[in-house]
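Shown next, in structure tokens, is the structure this report addresses.
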Amino acid sequence: MALQKACKKLGAWRLSDCDMYVTLEPCTMCAGALINARIRKLYIGTQDDKTGAFGSFLNVLEYKFNHKIEVEQYILKDECETILKTFFKQLRERKKEVKK
């Protein structure tokens, strides 16, 4: 959704002058979308060992695509992990309350 909004705002499907900051390492599907959108640089907060596609589970950077994204990892790693843990803890608590 963020890519769609950026493309719409800029009036182009290529985001070659844009950088993206994410809390969690993108999955393979999101990695493909970032490559197709021509994102210039990706800043990743923390890794996703289960589905991460930029080095944790899989590394799409090893493949020869038509566009290469520059990646910087572990930007504010501790803070990003805290955000994610808090979010999922609250989500689990809400689900428990709905079941009651």
Path from [X] to [Y] over hydrophobic side-chain contacts below 4.5 Å:
X   : Y   : answer
L91 : V98 : no
V71 : V60 : yes
Y74 : L61 : no
I83 : L42 : no
I75 : I69 : no

Item to complete: Check salt bridge (charged side-chain N to carboxylate O under 4.0 Å, His left out) between E79 and all other residues, then give those that pass, not counting sequence neighbours.
Response: none
Fill in: D49: side chain to side chain donor-acceptor pair (under 3.5 Å) partners, not counting sequence neighbours
Q47
Worksheet item: Has Y43 got more than 12 heavy atoms of other residues, nucleotides or ligands less than 6.0 Å from its OH?
Response: yes
Item to complete: Tell me, with the steps shown, if N66 and I35 meet side chain to side chain contact (heavy atoms under 4.5 Å, CB included).
Response: CA-CA 8 Å; N66 58 340; I35 291 167; 4.0 Å; yes
Pairwise distance [atom1]([X]) to [atom2]([Y]) - rounded to 0.5 angstrom:
X   : Y   : atom1 : atom2 : result
R14 : N36 : CZ    : CG    : 10.5 Å
I44 : L76 : CD1   : CG    : 13.5 Å
E81 : T86 : CD    : OG1   : 11.5 Å
L58 : Y63 : CG    : OH    : 5.5 Å

Response to the item:
Apart from W13 itself, members of its ILVMFWY cluster (side-chain separation under 4.5 Å) are none
Fill in: Residues that, via side-chain heavy atoms closer than 4.5 angstrom, fall in one hydrophobic cluster with M29
none
Worksheet item: Can you name the side-chain contact (heavy atoms from CB on, under 4.5 Å) partners of K89, sequence neighbours left out?
Response: R92, E93
Would you mind writing out the side-chain donor-acceptor pairs for residues 19-26 within the sub-3.5 Å range, not counting sequence neighbours?
residue: D19; atom: OD1; partner: R40; partner atom: NE; Å: 2.8
residue: D19; atom: OD1; partner: R40; partner atom: NH2; Å: 3.3
residue: D19; atom: OD1; partner: K41; partner atom: N; Å: 3.4
residue: E25; atom: OE1; partner: D48; partner atom: N; Å: 3.0
residue: E25; atom: OE1; partner: S56; partner atom: OG; Å: 2.4
residue: E25; atom: OE2; partner: A53; partner atom: N; Å: 3.4
residue: E25; atom: OE2; partner: F54; partner atom: N; Å: 2.7
residue: E25; atom: OE2; partner: G55; partner atom: N; Å: 3.2
residue: E25; atom: OE2; partner: S56; partner atom: N; Å: 3.2

